[in-house]
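Being a predicted model, the structure only gives us computed values, none of them experimental. Indexing begins at 1, ligand by ligand and atom by atom, following the structure's order.
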Amino acid sequence: VSDWIDISMQIAPGMPHWPGDPDVELAPVAHIGAGDACNVSRICMGTHTGTHIDPPLHYFSGGKSIAEMPLDVGIGPCRVLYIPDVLAISAEHLRPHSPQQGERLLLRTCNSERDTGEAFRKNFAHLTPDAAQLLADAGVRLVGIDYMSIGSYEADGEDTHRILLGAGLWVIENLVLSGISAGEYEMLCLPLRIAHGDGGPCRAAVRKRL
Ligand SMILES: [Zn+2]
């Protein structure tokens, strides 16, 4: 029995996405039921579909692309923080958790209580710019959150991204953290290696550290 827990979304047509991003399209190219030797499909989707990583290139033209992400960014120990009672997560909410140099932090918020199939909503839990600055100053290596964006839907959501990505953090968005309690885990998270990719859909999993 595997003790790994999948914390990534299934990619499927009709799944919710950020306003303006493309719908997922999945269509057969070869189909056994139609007499072909095997099943092959064509998928069309945005680079920020489902559970995905934002690389620096998402906000900085000269920044590293998803293809250049060091593998060990997404592989290793991580800590899940449970912050369920606030939408605008600020530095004062993170400070008591003492973010550490080199840490991977996953934030389980009230977003995890939603049905992952529900349509986009503007009022989701996110990091404020001062929270992003606190993580950057602490030297955190990766931060993940359980909604489509780490920053708010308002203009300061862009500032949150610029502060994190500008400081060299890698950001995972749209994690599925319902049922994942706060604590220490091992994490695996590997994005598709899309050349010059400004985002990379990924499979992510955690396993409790004993
Ligand atoms: Zn993104």
ask   = How about R121 and Y147: do any of their side-chain heavy atoms sit closer than 4.5 Å?
value = yes
task = Quick one: pull up CD in E92 and OG1 in T128 and give me the separation to the nearest 0.5 Å.
result = 9.0 Å
key: Exercise: do H161 and E173 side chains pair donor with acceptor under 3.5 Å   = yes
ask   = Going by atom types alone, do H48 and D54 pair a side-chain donor with an acceptor below 3.5 Å?
value = yes
key: Point-to-point distance, once rounded to the nearest 0.5 Å, from NE2 of H97 to CG of L134   = 11.0 Å
D146 and T109 side chains, donor-acceptor separation under 3.5 Å = yes
request  = Would you list the protein N, O or S atoms within less than 2.8 Å of the Zn ion (ligand 1), leaving out water?
outcome  = H48 ND1, H52 NE2, D54 OD1, E173 OE1
